[in-house]
Amino acid sequence: MSFRVKGIYGSGMVLQQKSVNLIRGTGTIGETVVLQFNGKKYKAKVNKCNEWKIKFKTPAAGGPFTLNLSHGSESIIFEDVFVGEVWLLSGQSNAQLPMARMRFTYPQEFLLPKNDNIRMITIPISYSFVERKDTIENPQWMAASPETLGDMSGTGYFFAKKLAEELGIPVGIINSSQGGSPITSWMSEESLKKLGKEDYLKKLEFVKNPENVKAKLAAVNENQTKWNELINSNDVGLKERWESVPFNQLDEEWKVCSIPGNFDEIKTAGVMWFKKEFELSKDQAAAFNEKNPQIWMGTIIDADKVWVNGSYCGETGYCYPPRRYPIEKGVLKEGKNTVTVRVQKNGGNPIVFYDEKQYCIFNEDAVVVPVAIRNVEQRKDSKFDENSYIDLKGQWKCKKGCSCENAPGGIFFEWEPTALYNAMLSPCMDHTIKGALWYQGESNAGGYGEYADLLEEMIYSWRKAFAYSKKDFPFVVMQLPNWSDGKQFDSPDALCWPQLREAQRDAVESTKNTALSVNIDAGEWNDLHPEKKYTGGTRAAMQALRIAYGCNIAAAPQVQTVDSGDDSWIVTFDIDGSNLSAYAMNNESVDFNKQCNIVEGFTLVTEDKKLVSVKGKLVSNKEVMICREDLPAEYKSAVFKELRYLWEDNPFYINLYNGEKIPACPFRIIL
């Protein structure tokens, strides 16, 4: 058997400092493997199963080192190896979201020189239901640089950046995450059996049979192919090539409309086409064409394809990514120009061009940032002129291309129970880590009742599985931020994100050496993938510094008690040594330069479940008073059963923070 190393070892990696590390692999039976690292030599023989393993110790943080392995005449050399702090990042899309998606939110990060103290490996997406994989092919560790930053997780990058700045040593991130994944895909079969989760075990039993997987995948692909052919063949716009029809030749069936906006003319699946005309002067056309023009069409439900003057620019197959596409040089011209957008609707939800997003044509001279970034982010405002930016919001024309039956359901086998634990987490388990960062929960929001138990068991099992890391290693849970996808909920029973946040908090309180990173203000109401990864990653790093490194940083303020009186309620917070402050609200943003004593976001719940919004008053460094006199007249003498704070999917008015600008944690408490 050939000489090889298993796991995620590779050049450019980071090893956990001052710890025992394990390296293992395969080789020729009876042959000796020699490891040379940091001036020391270690040996091991290849056993009868063609396997070898060596335990070795790492020094204090530093580098670069070379790690040399020899096996007879063969050798494997890992260069540019650093020793520092290694953290595992896992979860779903917001853990995974790459910096490339945030190039316009954090342009300054892409101008920074290479930083050897920030390194990351991204585990390739794969799944397994039976075999626990012990390696990935050709592991790629990378240091942060203008060339590599776009491929790095935004959450992981800002987490590592904060740790590296505070500790002054290399930080390595193992990014093992996958969009849409529920927590059970990151759990072992043993854990699911321990919790008695028969429904998940039944699913697992089905997918364990490779023939079932093969047949299901074939059926799904066949149905999707047939549906794609159906919608494309029915679309009159494709047949008649509406992308090439001049704006002044549109017939009367093209209706005037406005973008951004919602379009519900098609009740099932189908296609709508949109067109807009704009005019450029000779100087404007020249300025755009010489400076890498792009079109930005916000965020769209569901899929889109975009042309400018009949020239194809780009397309996206699902709703979440920002639509930013290049325009070929020479396409924009003096005089009238036309943008055409074909939007494919896959089901019952209306077509949506989300508000507060950018709809424009711009070039490299323009500074254009997503307008929904607010509250805690520090960023420059957009800057541009008529030669670098054309606003596309406002009046458009639209026409239906077709309607058809709803798209068939898809299948993501990596979301099934144990799939990612076996394939993407297991290969990392021999790599010694300092701690773990978990950003997940969106896909489990509807099942919030079981989430705390699942998360507690997952934390316990991971700590056991990473056998060469310290027992009870630090674990940071990132609480879900604000989001509503533009939906308004009339009934409190329709909510689920507040309950999921509560389950995350409960799991943290029930486990040792675990921290909650509160991000209730770090989301975007209209985007499941908020770009505020600086806030999320930095706050998570602050909690890691607190529990893993003993830094004097407070935890998020948590409700401690609510004392009821005849005329008021006193809410006392556990402030962990950091005083509370309330800040003035400017529209929907917090003005951290202007303190006040009014606290937004409280709700009282009556016996018949009516919700009564009320403001509180900050009366001490840890107490907020809610007075009956501030209630509407019809509720001044009502009996209330529950007090809630920020108990919404998407609370807009968030203004109670501690000294580190960490918001108070949402809660509900029985009175």
Side-chain angles (χ1 to χ4, degrees), residues 1-59 61-90 116 119-126 128 131-143 148 170-176 420-434 465-469:
M1 184 173 286
S2 62
F3 179 45
R4 62 180 299 210
V5 173
K6 294 184 177 182
I8 59 173
Y9 275 77
S11 292
M13 65 184 164
V14 180
L15 298 173
Q16 180 60 37
Q17 67 168 330
K18 296 184 286 188
S19 64
V20 174
N21 284 252
L22 176 77
I23 188 168
R24 65 189 182 101
T26 58
T28 303
I29 296 173
E31 189 69 70
T32 298
V33 177
V34 179
L35 165 65
Q36 296 182 71
F37 178 73
N38 190 36
K40 296 181 180 180
K41 186 179 291 188
Y42 305 83
K43 297 181 180 180
K45 278 194 177 291
V46 181
N47 65 22
K48 294 180 180 180
C49 297
N50 297 101
E51 296 177 341
W52 57 268
K53 63 180 179 180
I54 296 174
K55 294 179 182 179
F56 65 101
K57 293 183 178 180
T58 50
F65 296 92
T66 298
L67 192 154
N68 192 313
L69 289 158
S70 61
H71 169 268
S73 61
E74 297 179 274
S75 64
I76 297 173
I77 300 174
F78 297 124
E79 298 179 318
D80 194 35
V81 175
F82 281 74
V83 175
E85 296 295 279
V86 181
W87 282 77
L88 170 69
L89 165 64
S90 190
D116 279 321
R119 292 173 175 250
M120 190 177 298
I121 180 174
T122 300
I123 307 301
I125 306 302
S126 64
S128 175
E131 176 192 9
R132 288 189 181 172
K133 297 183 179 181
D134 57 11
T135 194
I136 65 169
E137 297 299 323
N138 192 26
Q140 297 292 311
W141 286 82
M142 61 182 74
T148 63
V171 175
I173 301 294
I174 302 169
N175 174 21
S176 182
L420 302 178
Y421 180 92
N422 292 332
M424 292 178 62
L425 200 64
S426 186
C428 310
M429 288 175 179
D430 287 339
H431 208 92
T432 304
I433 62 174
K434 179 68 174 185
F466 281 78
Y468 296 94
S469 304

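Remember, it's a predicted structure, so these values are computed and weren't measured experimentally.
Remark: of the listed residues Lys434, His431, Glu85, Glu85 is the sole one forming a side chain to side chain donor-acceptor pair (under 3.5 Å) with Gln16.
Listed for the Thr28 side chain is no donor-acceptor partner under 3.5 Å among the backbone atoms of Glu31. Judged by distance alone, the side chain of Thr26 and the main-chain N or O of Asn50 form no donor-acceptor pair under 3.5 Å. Of the possible polar contacts, one joining the Arg119 side chain to the Gly12 backbone as a donor-acceptor pair under 3.5 Å is found. Side-chain atoms of Ser176 do not come within 3.5 Å of backbone N or O of Ile123 as any donor-acceptor pair. With hydrogens and angles ignored, the 3.5 Å screen pairs no side-chain donor or acceptor of Ser469 with any backbone N or O of Thr432.
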For Phe56 and Phe37, what are the C-alpha separation, side-chain angles and deciding distance, and is it a ring pair (Phe, Tyr, Trp, His ring centres under 6.0 Å)? CA-CA 9 Å; Phe56 65 101; Phe37 178 73; 5.7 Å; yes
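Relative ring orientation between Phe3 and Trp52 is described as tilted, the plane-to-plane angle lying within the 30° to 60° band.
Atom CG in Leu15 sits 8.5 Å away from atom CD1 in Ile23 (nearest 0.5 Å). Rounding to the nearest 0.5 angstrom, the gap separating the CD1 atom in Ile174 from the CD1 atom in Ile433 is 6.5 Å.
Side-chain contact check for Asn21 and Ser19: at least one donor-acceptor pair (N or O, by modelled atom type) lies under 3.5 Å.
Using a 4.5 Å heavy-atom threshold, the side chains of Met429 and Asp134 count as separate.
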